[in-house]
Asker: 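For reference, the structure I am asking about is given below.
Just so it is clear, the values below take in all heavy atoms, side chains as well, and ignore hydrogens, waters and symmetry mates. Letters go in sequence order (proteins before strands), and every chain restarts at 1. These figures come from a predicted structure and were not determined experimentally.
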Protein chains: 2
Amino acid sequence: MTIRDVASAAGVSPSTVSRCFTQPEIVEAATRERVLRMATHLDYRPNRAARGLITGRTGNIGLLLPDLANPFFPSIVKGIQHQAHLSEYQVFVVDTDEDPAVELGLVRSLAKQVDGMILCSPRMRPAELAEAATVSPTVLLHRRAGGLPSVGIGNADAMRQAIDHLAALGHDRVGFVSGPRRSWSGRQRVAGIRKAAAAHGITLEEIGHFAPTFEGGSAAAQGVLLSGVTAVVAYNDLIALGLLNALRDRGVDVPRDLSIIGVDDISVSAMVRPALTTLSVPKEESGREAVDLLLQVLAHPGARNPPAETLPCRLTVRQTTAPPNQRAATRTTA
Amino acid sequence: MTIRDVASAAGVSPSTVSRCFTQPEIVEAATRERVLRMATHLDYRPNRAARGLITGRTGNIGLLLPDLANPFFPSIVKGIQHQAHLSEYQVFVVDTDEDPAVELGLVRSLAKQVDGMILCSPRMRPAELAEAATVSPTVLLHRRAGGLPSVGIGNADAMRQAIDHLAALGHDRVGFVSGPRRSWSGRQRVAGIRKAAAAHGITLEEIGHFAPTFEGGSAAAQGVLLSGVTAVVAYNDLIALGLLNALRDRGVDVPRDLSIIGVDDISVSAMVRPALTTLSVPKEESGREAVDLLLQVLAHPGARNPPAETLPCRLTVRQTTAPPNQRAATRTTA
DNA sequence: GTGAAAGCGCTAACAG
DNA sequence: CTGTTAGCGCTTTCAC
């Protein structure tokens, strides 16, 4: 079923059929209607590859993300897909398995097949990011770098909210459990929490680097216990959850003996008991925004000052935060 | 950067360059090496759309699934992607949001852009499935229907394992909490558990139909309590988890007062306490198998007896199953 | 407002 | 083994 079949069936030239789909307004109403009716009747659908060959646009966008197994990312995928479909875009999803080394290669191999890419929490170095942007129009999601268009979240403000909450509860020794070294968000969060802690006169302990997974969180338990803090903020919910579990297995009561705050507000966080106090980051929304931004970039290539949006996070207080337990030390040794 | 650029740079014809990529063995070693070196040097990459226009193959496969927010599906996506990338295939992921009405439309709109599709847990009716298979080579994942190639899991056997386990523990009144009415797996599981229960002389209570989500599980709590069973098997882990939580909020102790078994073994199930006893279904593996099967179908179109694989499930006993509590009724009323 | 012709980048006969 | 030719399905000048 090609455009020529429709053309001859409708008694017009292929060009006219083409115009009916790409610039309907310039073709006479009667003709257009006849053609479109015929097209529907024959169940004709333009071949996007053929169209792309001449227009240079594929109608696809690429999405690179570190790990679909972290429930944070599927939410983003849903937002991105929803918004992309509204504009008739299809999305290629690529999971990099948290391996920075393969990111650029995947971008390159995808470049020809997409009109643009959304790089979600990329672990690449800035220079690689710049190169990626060279290969295909790029929007950064949850990262900012080198003037590339981006949509991010208010990491520093999120940390401030966390510290404000803990300070109000009376904590004065707080830990931060770091995620991957290469994570840009992680660096933002550390910087933000340092500043917020200082503002409150709170002592901040930075605890290791851990994989941004449940297992990573379990591995952090030891360090958290040794640090002597009464509360911790974790790089993300998965780490917070792993920590929560490992602590419980060692007989530590959360939140009585230790308060925990995560980041992301993945669905699991509300499913466990005690339910995790966390910083809710807009997931589907940031995905949608990223698509809008990308389409905008595609529509106005080479525009100056590509926008860098920042979406706010919001503290969701659940059950893992409480005032510090003054007698905790006594109890543990007793 | 087209094939002609490479051709003239290497002093050969475009066809030769083409052959170097598609059938390297038929071109003389020296020539081939020179061409490939030139191609690398110029960073030439074949345009897949152009190639597809003539070969009729896109190098893409489509993946339709009901809900990325259920952690079960991201695991499958990972398996599928991994395997697809090994054969240089890219994958379009489409989330249908558990809406059977849109499935066929999405298949149609994707058909032209892919070489084949994997329909994962589709909710369509058999006739629609048959139509989908008409539009594009199709492999069913976690469903079987009308002789289409498929990879599924041993649902009935899984239910048998669950019932064996509960029977061994001493339960004789067991509930099954159903998922979506349209779910084929759900029907398989009901049939399987009926048979298994009968074989053990166990009374089976079938409890409602619920959304295959955490909320769906919460909604099931009331019915489970009223049914008077001492153990339930849920359609999936998400329902089991929602149920677990809702019960705890009502003061029901799991597993003392009620045993719960889920299906899927999503990662969350091991993160909660009590950790969920569940039937582990091979997720990444079934994804990989589906890709293999699809590629096989693409390689031998029209082959007879398309294979219908069945992968086994395995009971993972964790903390939500225990012998029935004889004094439960007394306690509740006391 | 519509048609004819050219060509996007590539592969597949067919010669040589 | 390699080059020449034709054309995949579509959009887009350029005439009419």
Asker: Should A/Thr31 be listed as having a side-chain N or O under 4.0 Å from OP1 or OP2 of C/dG1?
Answerer: no
Asker: Is a donor-acceptor contact shorter than 3.5 angstrom present between the side chain of A/Arg19 and the base of C/dG3?
Answerer: yes
Asker: Is any side-chain heavy atom of A/Leu141 closer than 4.5 Å to a side-chain heavy atom of A/Ser121?
Answerer: no
Asker: Ignoring the backbone of A/Leu53, work out which of C/dA13, C/dG3, C/dG9 is nearest its side chain.
Answerer: C/dG9
Asker: What are the bounds, 5' to 3', of the part of DNA chain D that sits under 4.0 Å from heavy atoms of chain B?
Answerer: D/dC1 to D/dG9
Asker: Are B/Arg32 and B/Glu25 ion-paired here, with the side-chain N under 4.0 Å from a carboxylate O?
Answerer: no
Asker: Testing B/Glu103, B/Glu128, B/Glu98 for salt bridge (charged side-chain N to carboxylate O under 4.0 Å, His left out) with B/Arg123, which one passes?
Answerer: B/Glu98
Asker: Which sits closer to the 5' end of DNA chain C, B/Met1 or A/Ser13, going by the nucleotide each is nearest to?
Answerer: A/Ser13
Asker: Between B/Arg34 and A/Asn47, name the one whose nearest nucleotide on DNA chain D is closer to the 5' end.
Answerer: B/Arg34
Asker: Just wondering, more than 12 heavy atoms not from A/His82 lying within 6.0 Å of its NE2?
Answerer: no
Asker: Take atom CZ in B/Arg187; do more than 12 heavy atoms of anything else shown fall under 6.0 Å from it?
Answerer: yes
Asker: With a non-hydrogen cut-off below 4.0 angstrom, is A/Tyr44 in contact with a base, only sugar-phosphate, or nothing?
Answerer: sugar-phosphate
Asker: Mind calculating the distance between CZ (A/Arg4) and C1' (C/dG3) to the nearest angstrom?
Answerer: 12 Å
Asker: Heavy-atom distance under 4.5 Å between the side chains of A/Lys78 and A/Lys283, does that happen here?
Answerer: no
Asker: Answer with base, sugar-phosphate or nothing: what part of the nucleic acid does B/Ser15 contact at a heavy-atom distance below 4.0 Å?
Answerer: base
Asker: Under 6.0 Å between ring centres: does that hold for B/Phe73 and B/His142?
Answerer: no
Asker: Please give, in whole Å, the distance from C/dA4 C1' to A/Ile3 CD1?
Answerer: 14 Å
Asker: With DNA chain D as reference, determine whether B/Gly11 or B/Ile54 sits nearer its 5' end, using the nearest nucleotide of each.
Answerer: B/Gly11
Asker: Remember a base hit wins even if backbone is also touched, and classify A/Arg48 as base, sugar-phosphate or nothing at under 4.0 Å, heavy atoms.
Answerer: nothing
